[in-house]
Structure formats: C-alpha cells, structure tokens
Amino acid sequence: MSDTSIGTPEQLRDPDYMPPLAKAIPLGIQHVLAMFVSNVTPAIIVAGAAGFGFGSNSPDFPELLYLIQMSMLFAGIATLMQTLTLGPVGARLPIVQGTSFAFLPIMIPLVAGKGVDALAALFGGVLIGGLFHAALGLIIGKIRFALPPLVTGLVVTMIGLALVKVGIQYAAGGVPAIGTPEYGSLLNWSAALVVILVTLGLKFFTRGMLSVSAVLLGLIVGYVYALMVGMLSFDAISGSWGNAAAFALPQPFKYGFEFSFAAILGFCLMAFVSAVETVGDVSGITKGGAGREATDTEIEGAIYADGFGSALAGAFGAMPNTSFSQNVGLIAMTGVMSRHVVTCGAIFLIVCGLVPKVGALIRTVPIEVLGGGVIVMFGMVVAAGISILSDVEWNRRNMVIFAISLSIGLGLQLEPGALQHVADTPRILLTSGLLPAAVISIVLNLILPEELANESTEEVSGGMSGHSKGSLGQSRDAG
C-alpha cells in the first residue's frame, strides 16, 4: 500500500521525487535492513571456506572484519551509482546493490583452505569480471535469447543447492568443529532453530517492516538466546568492540592482485547470469513502482553500475555487487518509487562501512545463530529457482536439457574427487557445479531441435515421464 502522507500518487511513482527527509531516511534504512544480512553473509562464508572465518582460531581471523566492512561500504557506493548515476552508469532508479550469492559457488572452490593468500586471485577475478560485466550493458538485449527461464531457473536452483550444505554446517557448529563432540550438539541446533522459528513467525504472521526484516530480527533474537545459554559472553562482545577502530578507510589492493584464469573465467561467466537477473529486477521495479516497462537506457545503466561497482569493489577487497531482488518487493509494498529514498539508505551503508566497530559486532554473532539465518536464505534461493522454472514449458526437449545439466553439474559438485586427475584451473571451474550446469544448458538449448518424440525419452525416464505445463502427453504427441 502506498503512503499518501509521503506524497501524491503521481509523486510516489516518480523516481526523481524527493520525500521529506524525516520520512525518506527511515524508508531508506528500511531498504538497507531488508538486504543487510544477505549482503555481509558471502564475506563470512568466503572467509570460512578459506580457513580464517568463525571458529577457525586463525591468526588471520581479524581479516574477516575488513571483508565485512568492505561489503557494506561498496554496496553503498554501488547503490549510489544506481540512484545518482555517473554519466551513463546507473539507472536513476531505486535499485539497492549488494554482494550476490550467485558468485559464491565460484568463490568457495577458489579459496578453499588456502587462507588469506587466495584473496589476491579472488579479487583479481572480481575486478576483471566486473569490467566484463559492465561491457555486457552494450549487448544485453542481444544475448537475452540465450538465457530463457529454463537456463536461468536451473542456474539459480544450482546456486541454492550448492549453498544449502553451508547452512547445515554452520547450524551444527561450523567446519572447524567437524569431528568434535560439539559438532551437531543439541545446544548448537537449538540456537539455529530459534532463528528459523522466529524468522518464520515474523514472515508469516506480521506485516510491513517486521515481515520484511524477518531474517535480521530472527538473528537478533538468536543472538540474545546465545547470550542467555552461554554460547556468547559479554566479555567477547566488549573485547571485539573495543579492539575495532571507530573509523577506517579502505585500502586499495590490500591483498595484492593476481591474474587467475579460473577466477577470471568463472566471474565472467557468472556475469551473464547476474546481468539477466538485473534486467529482471529493473523491470520489476518499474512495473511495481511506476506501472510501466523499463527503458533500454535504464537497463543498460543498471548493468553498467553492476559491473563498475563490482570492479571497484574488487580493487579494495570486496565481493562482486549486483541488484538485490528483495527490494523489488519492498517497492511494490510501500509504493514509493523515489530513488532519493534509496540514496539515504546507501549513505547509511557507507557510514557503516567506514566504522569497523559495526563489523566487529557482526563478527561476534555465533556461527550456529548465523546458520539458522543462512538455512532460510539459501533455501529461498532454491525456491526462487524453482519459481522461475515453473514458467518453463515442460516438453520432453526441455526435460532432457534440464536432466543432463543438473545431473552433471550437481554430480561434479557432490563428488569433486572424480576430477582428481584434471588440472587445477578446469577442476575448480567444473567442481563448482554451477558453471558446467550453466554452460551445458545454454549450449543444449541453442543446438537441440524443438521437437522430441515420446519414445526418445521414455526409455530413460524410469517410468516417470512427467506431466505438467506444456505438451507432455498432449496434442503435440498426438500429431
């Protein structure tokens, strides 16, 4: 529902309208809170995969604070690119940028067990991939045909499937605890379950900001629970807060810069998926907030901002940025289309990114509590992929494309040892699962003929040929 106290209906649909600051600031912070947890989670997961994250007792653990800080800072800067624009860069729309889960299946194999030393190649890939991403703005209209719902839905589903294991590991106590009696203890699971139950309760039984910020509020309740049961002490909180600076500027190439073919290729390929996602987000914002289609200029500007925002982030030790879909629904709910509202939220993010004490507080969240939130978020990624796939016409051709792509992609991800004799670079890319699934689905979708006879699939379907939207067992077979 739109709030007429903020402006007239015509003003609320105008991206250039500036509401009174007293209302614009809280509305902007609301946009930030809707994506806050999702934005910092990838940095935490990458640090954990590299071996200096939660529970690792690594001397490099303080570096996690810097990664969290940069996630907030450059999400804010990239958001300003979208709302205020810089030449052709930016859509002049209320688009919130943040670290994307989409790149995690690429980043995790790149850094796995390699510590801080792996970050030079990682951020080199982010920088080059970001520049490539920006270049896609020139041709995005010409390549969208290669990424129909069958492909994008499969890729989003694969992203979620690649990450759900992380949520379970976190809820049980984290990777460093595997093999110890504490791993999977009732106490660990209780903290995660508190977060899940509170999140579900708020999401389904409340409205407005309480529902939008359900994951964040669930984590806060879980944090309090962890204090009550002794999983976290006030001394640990005060120590982390006291040791963090009140203000710090980002450091360019803090971890060095390294060209890694695997990293660059991985980020460039994922840029296609991210660009298509951004096109959908921009279209959703203009339809939900202004009741119109997005213009070519808005779509191109949004993708430029995606790419240049990611490249800039990589130069300072932050993860790649993309538009956040959560805020599409938030704009439809509030009815406020003002880009200046989101600018207020971006400034709030930038301030948080310049104050390491904010990251120091986030760093004290017990991994089991974070696990509860991650289980919900990554499960929703899978659900989003399935939602996209529901728009697919499930004829036998599309079923075969989906089957082969999923089988190879997920199989290589679950059994990486099958590629032990493959060189490092292709092995990293193939065991992500995501890239082989994406490439196979794109190629098969482009080269396979449209028609596929019943008998072509019956023999390999195990009696489960499937009956859903499309031509299965219908008129196409009768013809």
| Heavy-atom side-chain contact between N188 and Y183 under 4.5 Å | no

| task | Assert yes or no for the condition that the ring centre distance of F103 to F267 is strictly below 6.0 Å. | result | yes

| note | In this structure, CG of L429 is separated from CD1 of I106 (nearest 0.5 Å) by 6.5 Å

| task | Determine the sole option in F308, F123, F316 for which the ring pair (Phe, Tyr, Trp, His ring centres under 6.0 Å) test with F74 is passed. | result | F316

| Main-chain N/O of A271 paired with S274 side-chain donor or acceptor, under 3.5 Å | no

| Which class fits the ring pair F253 and F257: parallel under 30°, tilted 30 to 60°, perpendicular over 60°? | perpendicular

| Sidechain N-carboxylate O distance under 4.0 Å for D424, R427 | yes

| Is there a donor in the side chain of D306 and an acceptor in the side chain of T322, or the other way round, less than 3.5 Å apart? | yes

| field | Shortest non-hydrogen contact from N445 toward P148 | value | ND2-CG, 3.5 Å

| task | Might you point out which heavy atoms bring S56 and F61 nearest each other, and give the distance in Å? | result | OG-CD1, 4.5 Å

| Between A91 and E298, which heavy-atom pair has the shortest distance, and what is it? | CB-O, 3.3 Å

| Atom CZ of F247 with >12 non-hydrogen neighbours under 6.0 angstrom | yes

| F348 ring center near F36 ring center (under 6.0 Å) | no

| task | Measure across G317 and L67 and return the closest heavy-atom pair with its distance rounded to 0.1 Å. | result | O-CD2, 3.7 Å

| field | Heavy-atom pair of closest approach, residues P416 and Q413 | value | CD-O, 3.5 Å

| task | Give the minimum heavy-atom separation between I159 and F101, together with the two atoms involved. | result | CG2-O, 3.7 Å

| note | Contacts satisfying side chain to side chain donor-acceptor pair (under 3.5 Å) that involve residues 252-261 (not counting sequence neighbours) are E63-Y255

| Does CG in L448 sit with more than 12 non-hydrogen atoms of other residues, nucleotides or ligands closer than 6.0 Å? | yes

| query | Once you round to the nearest 0.5 Å, how far does CD of Q30 lie from SG of C344? | reply | 12.5 Å

| request: Can you run down the side chain to side chain donor-acceptor pair (under 3.5 Å) pairs that involve residues 71-94, sequence neighbours left out, and say none if there aren't any? | output: Q82-Q97, T83-T343

| message | Counting only heavy atoms not in M380 (residues, nucleotides, ligands), do more than 12 fall under 6.0 Å from its CE? | response | no

